[in-house]
Amino acid sequence: ENDVTAPVISQVVVSGITHASATIAWTTNEPATGKIYYSLITPVDKASTSTISETAFTLAASHALNIASLSASSTYHFFVESADASGNIATSSQSSFLTLP
């Protein structure tokens with residue numbers, strides 16, 4: 001039977017914030033890909049924003065990606081996206097963090 005249920009994203013946490021980088025981690029309830037969309041503009045526009053992805057074809061339930069080359073003292077808005085092996089895509093709600101001076 002076809003898997004038509006998207007992964008459930010939970011525990012989205014931002015850590016290790018510096019003046020130029022931050023790590024965003026989250027979990028999914030099934031093995032899935034990981035991608036972050038981030039921008040200085042809100043709402044984050046999926047079509048024109050920066051992204052960072054986990055290594056292609058890596059499916060995991062635990063995700064953590066480091067975003068580098070950020071601007072100091074800036075508020076970044078982001079959401080995460082995960083897709084399971086069947087291509088069902090889930091996205092988190094938008095959140096934000098402030099880089100250090």
Side-chain angles (χ1 to χ4, degrees):
E1 113 186 41
N2 291 341
D3 173 9
V4 295
T5 305
V8 176
I9 294 171
S10 60
Q11 297 172 303
V12 180
V13 176
V14 183
S15 64
I17 299 171
T18 69
H19 67 284
S21 68
T23 298
I24 298 173
W26 70 99
T27 58
T28 48
N29 67 332
E30 62 178 318
T33 61
K35 187 173 190 177
I36 301 169
Y37 292 84
Y38 62 99
S39 173
L40 288 167
I41 299 166
T42 183
V44 177
D45 178 3
K46 204 169 173 177
S48 63
T49 191
S50 300
T51 62
I52 184 169
S53 298
E54 289 172 339
T55 309
F57 311 117
T58 298
L59 298 179
S62 181
H63 310 270
L65 287 166
N66 182 264
I67 306 173
S69 302
L70 300 177
S71 300
S73 300
S74 300
T75 299
Y76 283 86
H77 305 274
F78 73 94
F79 64 87
V80 302
E81 177 182 277
S82 289
D84 65 16
S86 300
N88 301 304
I89 297 173
T91 55
S92 71
S93 55
Q94 185 177 300
S95 190
S96 64
F97 61 91
L98 175 65
T99 54
L100 299 180

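The figures here come from the full heavy-atom set of this structure, side chains too, leaving out hydrogens, waters and symmetry mates. For reference, positions follow the sequence shown, starting with 1.
- Nearest heavy-atom pair across S21 and N66 is CB-OD1, 4.0 Å.
- When atom types are taken as modelled, the side chain of T99 and the backbone of T18 share no donor-acceptor pair closer than 3.5 angstrom.
- The ring-ring contact (aromatic ring centres under 6.0 Å, His included) pairs that include a residue from residues 9-33 are W26-H63, where partners are two or more places apart or lie in different chains.
- For A83, the side-chain contact (heavy atoms from CB on, under 4.5 Å) partners two or more places apart in sequence, or in a different chain, are T33, I89.
- Membership of the apolar cluster around F79 extends to Y37, V44, as traced through chained side-chain contacts below 4.5 Å between ILVMFWY residues.
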Checklist entry - Does the side-chain contact (heavy atoms from CB on, under 4.5 Å) test come out yes or no for F78 and V14, once each step is laid out? => result CA-CA 10 Å; F78 73 94; V14 183; 3.5 Å; yes
Next on the checklist: Set out, in order, the CA-CA distance, both residues' side-chain angles and the distance that settles side-chain contact (heavy atoms from CB on, under 4.5 Å) for Y76 and I67, then state yes or no.
Outcome noted: CA-CA 11 Å; Y76 283 86; I67 306 173; over 6 Å; no
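- S82 contributes no side-chain N or O that, together with a main-chain N or O of A90, makes up a donor-acceptor pair within less than 3.5 Å.
- By the rule that hydrophobic residues join a cluster once side-chain heavy atoms approach within less than 4.5 Å of another member, F97 and V13 end up as members of separate clusters.
- Checked by atom type and distance alone, the side chain of S39 pairs as donor or acceptor with a backbone atom of I41 at under 3.5 Å.
- Applying the side chain to side chain donor-acceptor pair (under 3.5 Å) definition to pairs two or more places apart or across chains, those involving residues 41-53 are T42-Q94, D45-S48, K46-E81.
- Residues satisfying the side-chain contact (heavy atoms from CB on, under 4.5 Å) criterion with T5, sequence neighbours excluded, are D3.
- Closest approach of S92 and V12 over heavy atoms only: CB-CG2, 4.3 Å.
- With hydrogens and angles ignored, the 3.5 Å screen pairs a side-chain donor or acceptor of D84 with a backbone N or O of S86.
- For S96, the side-chain contact (heavy atoms from CB on, under 4.5 Å) partners at least two apart in sequence or on another chain are T75, H77.
- A side-chain donor from one of S10 and T27 sits under 3.5 Å from a side-chain acceptor of the other.
- Side-chain heavy atoms closer than 4.5 Å link hydrophobic residues (I, L, V, M, F, W, Y) into clusters, and following such links, even through other members, never connects V8 to I36.
- Remark: L59 CG to E30 CD distance equals 9.0 Å, nearest 0.5 Å.
- Placement of L98 and L100 in two distinct hydrophobic clusters is found when ILVMFWY residues are connected by side-chain heavy-atom separations under 4.5 Å, directly or transitively.
- Annotation: the span from I52 atom CD1 to E54 atom CD amounts to 9.5 Å, rounded to 0.5 Å.
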